[in-house]
Structure formats: C-alpha cells, structure tokens
Amino acid sequence: MQIKAIEQWVRTLPLTAKRGQIVDCNGNILALSSTTYDCYVRAKEIKEPAKVATYLSSILSLDYETLYLKCRNVYISESLVKLQLDENTAKKIVEKNFDGVYLSENIKRIYPYGNSLSQVLGYLTSDSVGQSGVESYYDEILKGVDGKYLVQSDVRGISLNDSLNYYVDAQDGVNIKLNIDINIQNILETTLQQIMIDHKPKGASIVMVDPNNSKILGLAISPSFDPNDPPRQDVPTLMSQSKNICVTDVYEPGSTFKILTLSAALSEGLTNVNERFYCPGYRIVDGEKIKCWRTLGHGSQTLVEAVQNSCNCCFMDLGLRLGKDRLYKYLKEFGIGSKTGVDISGESGGILLDKSLVQNVDLARIAFGQTVATSQLHLLNAFCSAINGGIKYQPTVMSSYFDESGEIYSNLPIARGKTITGDMSQTIRYLLYQALSKTGEMSFVPGYKVAGKTGTAQKYGADGKISRGKYVSSFFGFLDRENPEYALLLCVDEPSTGAYYGSVVAKPYAKTIYEKIIAYKNFSPDDETKIEDKKVSTPNLVGLSISKALVELEKMGVYYEVDGEGEFVLDQFPSKDVEISKSTTILIKT
C-alpha cells in the first residue's frame with residue numbers, strides 16, 4: 001500500500017545521462033553529445049488547453065488537434081510532446097510560463113565527420129540507444145545511467161506548491177578511444193570516392209590494420225550514410241548502408257587467397273623459391289579441366305615468377321601436394337571458417353567445405369581461392385599472421401575507455417595462435433615484394449618497399465551459378481620497412497566500366513593510399529636513388545597480334561594482363577597516349 005501511495009503523489013521526469021564521447025587514436029572527437037530538451041504536458045495542470053496547444057503546435061511544427069487532445073486528456077498523468085528541442089526553442093517555451101508544460105534535459109548525438117566512419121561508429125535510435133557499430137557494441141559503457149527529477153503532487157496529479165522536489169543525479173557515460181586514425185580514414189575514404197567515380201561499382205571497401213597486433217587503423221565502405229541524419233524512413237537503405245560488410249558479408253577471395261596456400265606449402269617444405277613450374281594454361285584434375293586465368297599459359301616459371309604471374313596451375317600443384325589434411329590444418333590455424341572475435345557486431349565465420357566432402361578437384365580450386373568464402377577483415381587478419389612472423393591476433397576497433405579522471409581500461413593485443421615460423425614469414429614478405437615490383441626496383445611506390453598481391457574473383461548468383469560479368473577486384477598490400485606496417489585489403493564489388501582485374505581496378509588505388517600515408521607519416525625512403533616515379537606513354541596496341549603487343553610491353557618494362565584467347569588486340573586500358581607510372585598495369589583485350 002505504501003508503494004501505491006508513493007506512486008500517486010510523486011511524478012517523475014527523466015534526467016538523461018550524457019553519453020560518452022568516441023575519439024580516434026589521436027584524441028580527435030568522432031562522436032559527442034550536446035544538451036537538448038524534451039517537452040511534456042500534464043493535462044490536469046493546464047488551465048487554458050487551447051492556448052497552450054496553439055502556441056506549442058506553432059513553435060514545434062506539430063498538428064494542433066493531436067496536441068490539443070494531449071492537453072485535455074486528464075486521464076494520462078503526463079504526455080510527451082516532442083523530443084530534442086534546441087536551447088533557443090526551449091527558452092521560448094519557458095518564457096511563456098504555461099501551467100502544466102514541462103521541459104527535461106536530453107542528449108543529442110553529433111558526429112563531426114558526417115559520413116566518415118559511419119559503419120564503424122554506427123548510430124542511435126531516436127531515444128539514444130546504440131543501434132549499430134561502436135554505438136551498439138559498447139552501448140553499456142557509453143550510455144551511462146539516467147537520473148530522475150521527482151515532483152510531489154496531489155491525487156489528481158497536480159504539483160503541490162512549496163513541496164519537496166528530489167533529484168537523482170545522472171551518471172555520465174564513459175568515453176571510448178578507437179585504434180582508428182581519422183587522418184588515415186580520410187585517405188581511405190577519399191580513395192573510395194575516386195574508385196566509385198572511375199569504375200562505377202556496386203560498392204567498394206578498404207580495411208587497414210597494423211599487422212603486428214591487428215589494431216584496425218581505418219575501415220571505409222561506400223556507399224555510406226550520415227549518422228547525424230540516418231534515413232530512418234527508408235529501412236532497407238538504412239540497413240544496407242549501416243551494415244559493416246567488411247565483417248558481416250563473405251565473398252570468394254580469388255588470387256589473394258594464394259598467400260595462404262603458399263605459406264602452407266613453404267612451411268611443409270613442399271616447394272622453394274627456385275623450383276620451376278610449367279603452365280600450359282590448365283590442369284586436368286579428377287578428369288576435369290581447370291583453367292589458369294591466362295588460358296594461353298605462363299610456360300616455364302620459377303616459384304617467384306609464378307607468384308608474380310598469379311599462376312593458377314602452380315597453386316593447384318601446391319594444393320594437391322599438401323593434400324586436404326595438411327591444407328585444412330593450415331587454413332584452420334589461419335582462422336578460415338571461424339570468427340576472429342573482432343569487437344564489431346554481426347561477424348561472419350566464412351564458409352569452408354567440410355573436409356570429409358573435399359575431393360581433389362575441390363582442393364585444386366581452394367588452393368587458388370575458389371570454393372571458399374571469407375569476410376574481408378577475416379582474410380586480411382589471416383594475411384597479417386603470414387607476414388608478421390606467424391602470430392594470429394584478434395582484431396580490435398576499441399583501444400581503451402576513459403573518464404575525466406583518466407584511463408579505466410586498455411584493450412591490449414590478444415594473440416590467438418601461431419600459424420607459420422618467422423623464417424617462413426620473411427620468405428612470404430620477399431615473394432610478395434617481388435610480386436609487386438617484378439624488377440626489384442621499388443617501382444610500385446618509388447623509393448619505398450611495398451609488397452602485395454592482387455585478386456580477381458567471380459561472383460555467384462542466388463542459384464549458385466557464376467554470375468556472368470560480375471567480379472570482386474581486390475588488392476592486399478603492406479608497407480615493408482624493417483617490419484610490416486599498414487596492411488590493407490581493398491575490394492571493389494562489381495566494377496562496371498569494362499576492367500575487372502584486381503591489377504587494373506584495385507592496385508592503382510592502393511598505390512595512391514601508400515603514397516599519401518608515406519607523406520602523412522613523413523617516412524624516409526628505403527632507397528634514395530629510386531624515388532623517381534618513372535612515367536611512360538601508353539602505346540597503341542589495338543590491331544597488333546598478341547605476340548607483337550607483348551614484345552612491345554616487355555620492352556617498356558610495364559605490367560600487363562591479357563583478357564581473352566584471341567590472336568589480335570581488340571582494345572586496351574588505358575587507351576593510347578596516356579601517361580602512366582611504370583607500375584601501372586595495362587589491360588589487353590583480345
């Protein structure tokens with residue numbers, strides 16, 4: 001009975017706790033809260049409901065009839081009029097001094113960088129609950145504990161004059177620091193914007209991490225949205241644009257996956273950098289003809305050259321040598337088919353065929369990145385363990401959280417196992433450097449040692465069949481000074497302007513990213529004598545026989561890819577008389 005009595009003579013207005021800030025690794029504010037005001041009415045206290053409804057409906061742009069009913073409904077102790085009024089509007093309402101009209105403080109979330117990092121930061125519901133991203137994953141830490149303002153009233157709900165009012169103070173939320181550097185994030189997002197213009201893809205994304213601890217330094221996805229004004233009325237768009245596809249969605253990786261097959265084969269002593277492989281353009285496995293991406297074949301080549309050429313035949317050989325037991329052992333150690341444990345909601349574990357169902361033909365395809373699916377972050381994390389000395393870390397977005405008194409918790413790197421030895425890791429770095437700078441002249445980013453691998457993967461439709469003309473173009477790379485740094489995986493989903501090879505669609509933009517990061521960090525060159533970015537003018541190859549065209553390109557010392565099996569060049573990208581860096585890949589269509 002005492003509880004019921006208290007409920008009858010006490011009315012409560014909420015005091016919203018101030019939500020914690022989100023900052024980048026350098027302390028730049030990515031999300032903050034400002035004070036707003038919520039408006040309520042108590043019909044039992046309102047003396048002139050028509051006058052109150054007229055004024056509030058006008059200043060708040062609300063429907064008069066609806067508001068008038070709230071001002072007359074004495075059977076409800078308290079009715080919400082509108083949330084998150086600005087200070088100027090709140091002052092105007094206070095100045096009117098209407099009986100029965102109340103204001104309480106609330107908090108509005110502000111994201112100073114707009115669309116930047118929207119899938120990482122996420123957004124809030126209209127009543128300040130984390131809905132996605134960091135805002136959702138760390139909601140309990142950020143939100144704090146709301147307080148209350150208690151007002152004594154009579155049995156009719158009317159406030160008592162000279163009565164006691166009680167405050168239960170709100171406890172503000174804790175601030176979170178991310179591993180992300182907003183300057184690097186801006187580099188990634190600017191690059192994505194250019195990719196969207198140049199290749200008009202369905203979408204594109206980039207993840208960059210520190211390979212020595214898997215701290216996420218930047219994560220950019222396009223299309224994106226502005227968390228200051230999320231499209232709440234268009235739910236399908238909001239769901240698709242707020243989803244962190246680098247973590248939630250999987251794809252067939254294609255040639256970048258060869259890094260893992262290479263790591264396993266070298267670790268098992270099944271090949272070495274000097275071994276030669278012959279590629280006629282295909283292999284016959286279990287009676288099935290599986291083509292190399294270059295159907296004319298690569299001929300005789302060393303392992304170094306096979307990695308440079310991204311030769312499918314070489315990697316089919318390595319996969320079959322490993323056998324499913326050994327290959328699956330390494331894939332499991334790299335984490336393929338399981339979750340990384342990243343502090344981002346909705347992570348997918350990927351798809352890996354049950355080992356008992358794997359035939360040799362499946363093994364051959366898995367070895368060069370088909371018949372397996374993984375998320376972008378997951379694959380990047382596996383690559384990092386292949387180049388960092390063989391340690392697999394748990395990727396992290398959050399660095400620490402803190403309040404006004406200082407740091408409360410630091411999110412230290414967590415090692416999740418060993419994949420390969422340090423010596424093997426060094427060999428992988430060497431091969432990936434050679435793959436990107438075929439002549440060893442630091443031509444990708446002149447004067448700097450950057451390593452990497454391109455990938456081109458076909459996409460599948462809902463019916464499980466290959467979707468003709470739909471590809472994911474990708475590039476994995478890292479800056480290799482004394483230790484690997486700034487590892488990234490860039491993916492372009494369904495480029496639509498004709499080119500689709502990773503070497504043409506993804507690799508040039510990775511070059512731009514590394515050039516900007518080198519400038520941002522003011523890194524000294526690895527070799528002062530090779531910092532000149534050599535430029536050449538593209539020749540006119542259209543109409544030439546494929547053999548004459550390749551001789552011309554070999555003399556120029558540029559990279560090239562051949563699309564098709566014809567005898568003559570029908571088209572080229574870039575077109576003739578375009579000035580390009582020598583590290584640019586020219587695509588020849590036959």
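These numbers come from the heavy atoms of this one structure, side chains and all, not from hydrogens, waters or symmetry mates. Treat the numbers as computed from the prediction; the structure is a model and nothing was measured.
- For the residue pair Asp198 / Tyr509, a side-chain donor-acceptor distance below 3.5 Å is found, with atom types taken as modelled.
- Taking the six-membered ring where the residue is Trp, the centroids of Phe444 and Tyr514 are separated by 6.0 Å or more.
- Annotation: salt bridge (Lys or Arg N to Asp or Glu O under 4.0 Å) contacts of Glu347 (sequence neighbours excluded): none.
- Using the six-membered ring where Trp is involved, Phe523 and Tyr486 have ring planes that are tilted, between 30° and 60° apart.
- Shown here is Lys418, whose NZ atom has more than 12 heavy atoms of other residues, nucleotides or ligands within 6.0 Å.
- Side chains of Asp343 and Tyr138: a donor-acceptor N/O pair is present below 3.5 angstrom, by distance only.
- Under 3.5 Å, the side chains of Tyr520 and Asp181 contain a donor-acceptor pair of N or O atoms.
- Between the side chain of Thr190 and the backbone N or O of Ile187 there is no donor-acceptor pair closer than 3.5 Å.
- In terms of the side-chain contact (heavy atoms from CB on, under 4.5 Å) criterion, residue partners of Ser255 (sequence neighbours excluded) are, by chain and number, Lys258, Ser310, Asn312, Lys453.
- For the pairing with Thr396, the side chain to side chain donor-acceptor pair (under 3.5 Å) check across Asn213, Asn179, Asn411 returns one residue only, Asn179.
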Q: Assess whether side chain to side chain contact (heavy atoms under 4.5 Å, CB included) is satisfied between Ile513 and Ile206, documenting all intermediate values.
A: CA-CA 10 Å; Ile513 289 170; Ile206 312 171; 3.8 Å; yes

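- Residue Lys516 qualifies as enclosed at atom NZ: its count of foreign heavy atoms under 6.0 Å is above 12.
- Glu135 and Tyr111 form a side-chain donor-acceptor contact under 3.5 Å, judged by distance and modelled atom types alone.
- Classification of Asp139 and Arg19 as a salt-bridged pair holds, one side-chain N sitting under 4.0 Å from a carboxylate O.
- Within the 3.5 Å criterion, the main-chain N or O of Gln394 finds no donor-acceptor partner in the side chain of Ser214.
- Of the listed residues (Lys200, His199, Lys459), just one forms a side chain to side chain donor-acceptor pair (under 3.5 Å) with Glu494, and that residue is Lys459.
- Atom CG of Leu83 is separated from atom CG of Leu60 by 11.0 Å, given to the nearest 0.5 angstrom.
- Looking only at distances, a side-chain donor or acceptor of Asn186 sits under 3.5 Å from a matching main-chain atom of Ile182.
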Q: Report the C-alpha separation of Phe225 and Tyr123 in whole Å, then their side-chain angles, then the decisive distance to 0.1 Å, and conclude whether the ring pair (Phe, Tyr, Trp, His ring centres under 6.0 Å) test is met.
A: CA-CA 10 Å; Phe225 71 104; Tyr123 66 100; 5.8 Å; yes

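- With rounding to the nearest 0.5 angstrom, the CH2 atom of Trp293 is 8.5 Å from the OG1 atom of Thr456.
- Between Asp86 and Lys108 no salt bridge is recorded (no basic side-chain N to carboxylate O distance below 4.0 Å).
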